[in-house]
**Q** 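This structure is in structure tokens; I'll ask about it shortly.
Residue numbering restarts at 1 for every chain, and letters A, B, ... go by the order of the sequence lines. Nothing here was measured: the structure is a model prediction, and the numbers come from that model.
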There are 2 protein chains.
Amino acid sequence: MMKLPGKTVERLSEYRRTLLECLNEKRNFIFSHDLAARLHITAVQVRRDLMLIGYSSVLRKGYDVRELIDTIGKIIDSEESMNVAVIGIGNLGRAVAGYFKGKRSKLNLVASFDNDPQKVNRVISGVKCYPYTDIERMIKELDIRIAILTVPPDFAREITEEAVRFGIKGILNFTTIPLNVPSGVYLEEYDMITSIEKVAYFVKENKI
Amino acid sequence: MMKLPGKTVERLSEYRRTLLECLNEKRNFIFSHDLAARLHITAVQVRRDLMLIGYSSVLRKGYDVRELIDTIGKIIDSEESMNVAVIGIGNLGRAVAGYFKGKRSKLNLVASFDNDPQKVNRVISGVKCYPYTDIERMIKELDIRIAILTVPPDFAREITEEAVRFGIKGILNFTTIPLNVPSGVYLEEYDMITSIEKVAYFVKENKI
DNA sequence: TGATTATTGTTAAATTATTAACATTGGTTT
DNA sequence: AAACCAATGTTAATAATTTAACAATAATCA
Ligand SMILES: NC(=O)c1ccc[n+]([C@@H]2O[C@H](COP(=O)([O-])OP(=O)(O)OC[C@H]3O[C@@H](n4cnc5c(N)ncnc54)[C@H](O)[C@@H]3O)[C@@H](O)[C@H]2O)c1
Ligand SMILES: NC(=O)c1ccc[n+]([C@@H]2O[C@H](COP(=O)([O-])OP(=O)(O)OC[C@H]3O[C@@H](n4cnc5c(N)ncnc54)[C@H](O)[C@@H]3O)[C@@H](O)[C@H]2O)c1
């Protein structure tokens, strides 16, 4: 399977989430335009994405929900589950940890790291917090591949550099500092302020 | 000024954040490639974006940091400041509120709403929490335009429908439910799980 | 001063992403 | 069974976004 466009990967994740909702509703088949409507995109887009992963519908009943969930899993999940850690278990870190814990079977949140003595060696939001000084050892011991970065901006660069050196292969950066990673490490950044400013801009423009 | 592409608006917000950092460092001028490097994009992209907003550099010293900050503000900020509320002041809501409070001069977080009796009528993460039942009155009284939605997924649709009816013009949706809004209302959605799954996918692919 | 260099703004080209078009498939209806 | 229909997979067209190319400008230097 050739590497998929990032946008398609994002949508596959969304398809799966939506399909899981379908299962809850005891819906076993779904048409492309139905799935599309739930996500407010076009049916063509759905069909095109599914074409890229080589999934075909059955009969004229639409896509087999369960089967498609599995197929998407085969594409976007890793074979064995992948371990994730939150670095900086402050306000945002706790929210993410609490939310994430136990959500995805193939992605396990196995640790958090912090340097606040009040926090280390406790279970916070369902996940054990280790002292940051142990990060090298724990990354190796727990085979952590992905880090969610929620430390104060000033520490983001240094911590990233270290985490990568110790074996982290993917970073989701919620700090406001753009990071540098060597090739071979995948970086995804999200800046809330940017999102809100974007909303504000289009609200303003609509008014005119 | 014609309506700018969403991507450009996002970057303008990022440029401004970076330029504010420059001011802190007492840097008063910056070259396009410098600004680009800090954000890990290309200099051409910076120049093209600035072209779109009609900003020109001075001399061969690069862009005047202070001036560019102002220019970007004129483009993406609204004339008078715009009021924002968080709906659902749980884990994520509190993180966002605490982070956002007092960050942007033109965007004021003026209220939060919740239906938990333990939370209403208290100041939480620096912002007053009102009972959800007062939302109609408060949106009007405080002239709230933008809502950040951090309620449990099951309530997202209904709350959105009401908020829009009461005058909300922009929504930043952090719930996992895709929302429907009428035209004239701007919607931005962000799904953390999707981001993490995307990271996991590319980590997996890199390995191969 | 005149050549050189660095940096810009802008047009054009390339790339990426989305949407449209349409022939195909197999069920449904008359 | 013939005509019709709904939905699909795929190719082609369109639109959006990014990158490249390059002439223009002014500072620097020999
Ligand atoms: N709260 C939000 O909604 C929000 C939104 C967007 C971005 N952010 C960004 O996310 C980051 C965290 O935000 P927050 O509100 O959770 O802040 P916070 O201060 O509540 O949390 C930061 C945590 O990092 C820990 N920490 C500090 N230095 C550390 C170090 N050197 N090593 C390990 N841990 C360390 C602190 O002890 C704390 O627990 C910030 O960079 C912020 O800009 C937050
Ligand atoms: N925590 C995260 O990092 C995270 C990440 C991604 C998405 N989300 C989404 O964000 C939302 C909130 O997550 P959370 O972790 O903060 O959950 P939470 O349960 O901590 O917070 C939800 C808040 O909404 C309030 N609420 C419930 N029903 C309400 C109603 N009808 N009207 C007004 N307020 C109501 C609750 O009292 C609570 O304070 C969820 O939809 C979740 O899927 C959270």
Side-chain angles (χ1 to χ4, degrees), chain A residues 1-15 18-19 22 27-65 67-68 71-72 75 178 188-189 194 198 201-202 205, chain B residues 1-15 19 22 27-65 67-68 71-72 75 178 186 188-189 194 198 201-202 205:
Chain A
M1 167 73 50
M2 125 214 111
K3 203 183 287 193
L4 299 165
K7 288 289 175 69
T8 295
V9 174
E10 286 178 20
R11 282 191 298 262
L12 288 174
S13 163
E14 286 160 11
Y15 297 156
T18 307
L19 292 165
C22 290
R27 248 177 164 293
N28 293 313
F29 289 89
I30 191 167
F31 294 128
S32 62
H33 59 259
D34 237 350
L35 183 50
R38 286 172 184 243
L39 289 161
H40 311 122
I41 58 176
T42 68
V44 190
Q45 184 120 74
V46 171
R47 297 207 299 273
R48 220 178 175 295
D49 285 333
L50 298 189
M51 187 196 89
L52 288 179
I53 65 170
Y55 183 74
S56 290
S57 72
V58 215
L59 314 163
R60 208 74 318 105
K61 292 153 75 182
Y63 302 98
D64 181 318
V65 173
E67 213 173 87
L68 184 47
T71 306
I72 292 177
I75 303 286
E188 176 84 11
E189 316 208 272
T194 293
K198 189 178 172 193
Y201 171 78
F202 284 108
E205 290 303 303
Chain B
M1 169 74 48
M2 122 216 114
K3 204 183 284 191
L4 298 166
K7 288 288 176 70
T8 295
V9 174
E10 285 178 21
R11 282 190 297 264
L12 288 174
S13 163
E14 286 160 9
Y15 297 158
L19 292 165
C22 290
R27 246 176 166 294
N28 293 314
F29 288 89
I30 191 169
F31 295 127
S32 62
H33 60 259
D34 237 350
L35 183 51
R38 287 174 184 241
L39 289 161
H40 310 122
I41 59 176
T42 67
V44 189
Q45 184 123 71
V46 171
R47 298 206 300 271
R48 223 184 170 292
D49 285 332
L50 298 188
M51 187 195 87
L52 287 179
I53 65 170
Y55 183 76
S56 290
S57 71
V58 218
L59 314 162
R60 207 78 314 110
K61 291 154 76 183
Y63 301 99
D64 180 320
V65 174
E67 213 173 89
L68 183 48
T71 305
I72 292 176
I75 304 284
Y186 184 82
E188 176 85 11
E189 315 207 274
T194 294
K198 190 177 171 195
Y201 170 78
F202 284 108
E205 289 304 303

**Q** State, yes or no, whether a side-chain contact exists between B:Leu68 and B:Ile30 at a heavy-atom distance under 4.5 Å.
**A** no

**Q** Check the distance between D:dA27's P and B:Phe31's CZ and give it to me in whole angstrom.
**A** 12 Å

**Q** Specify the separation, in whole Å, of atom CG of A:Leu50 and atom C1' of D:dG9.
**A** 10 Å

**Q** Assign the ring pair A:Phe202 / B:Tyr186 to parallel, tilted or perpendicular, where the plane angle (0 to 90°) is split at 30° and 60°.
**A** parallel

**Q** Applying salt bridge (charged side-chain N to carboxylate O under 4.0 Å, His left out) as the test, list every pair that has at least one member in residues 38-53 of chain A; sequence neighbours left out.
**A** A:Arg11-A:Asp49, A:Glu25-A:Arg38

**Q** Given atom CG of A:Leu35 and atom C1' of D:dA6, what is their separation to the nearest angstrom?
**A** 17 Å

**Q** For B:Asp49 and C:dT8, what is the distance between atoms CG and P respectively, to the nearest whole Å?
**A** 14 Å

**Q** At under 4.0 Å between heavy atoms, what does A:Ser56 touch on the DNA or RNA strands: base, sugar-phosphate, or nothing?
**A** sugar-phosphate

**Q** With a 4.5 Å cut-off on side-chain heavy atoms, are A:Ser13 and B:Lys198 touching?
**A** no

**Q** Check the distance between D:dT18's C1' and B:Gln45's CD and give it to me in whole angstrom.
**A** 6 Å

**Q** Return no unless some side-chain N or O of B:Tyr55 is found under 4.0 Å from OP1 or OP2 of C:dT8.
**A** no

**Q** Mark up nucleotides 20-25 of chain D, 5' to 3', with B wherever a protein heavy atom is under 4.0 angstrom from a base atom, S wherever such an atom reaches only the sugar-phosphate, and - elsewhere.
**A** B----B

**Q** Without decimals, in angstroms, what is the distance between B:His33 NE2 and D:dT19 P?
**A** 17 Å

**Q** Considering just the side-chain nitrogens and oxygens of A:Ser32, establish if one lies under 4.0 Å of OP1 or OP2 belonging to D:dA7.
**A** no

**Q** From the list C:dT11, C:dT18, D:dG9, which nucleotide is the closest neighbour of the side chain of B:Met51?
**A** C:dT11

**Q** Expressed as a whole number of angstroms, how long is the span from B:Phe29:CZ to C:dT7:P?
**A** 15 Å

**Q** Determine yes or no for a side-chain-to-main-chain donor-acceptor pair under 3.5 angstrom, with A:Tyr201 supplying the side chain and B:Leu4 the backbone.
**A** yes

**Q** Taking 4.0 Å as the cut-off, does a side-chain nitrogen or oxygen of B:Ser57 come that near to OP1 or OP2 on C:dT8?
**A** no

**Q** Is any side-chain heavy atom of A:Gln45 closer than 4.5 Å to a side-chain heavy atom of A:Leu39?
**A** no

**Q** Does any non-hydrogen side-chain atom of B:Ile41 lie less than 4.5 Å from one of B:Tyr15?
**A** yes

**Q** Using whole Å, what does the distance between atom C1' of nucleotide D:dA16 and atom CZ of B:Arg11 come to?
**A** 11 Å

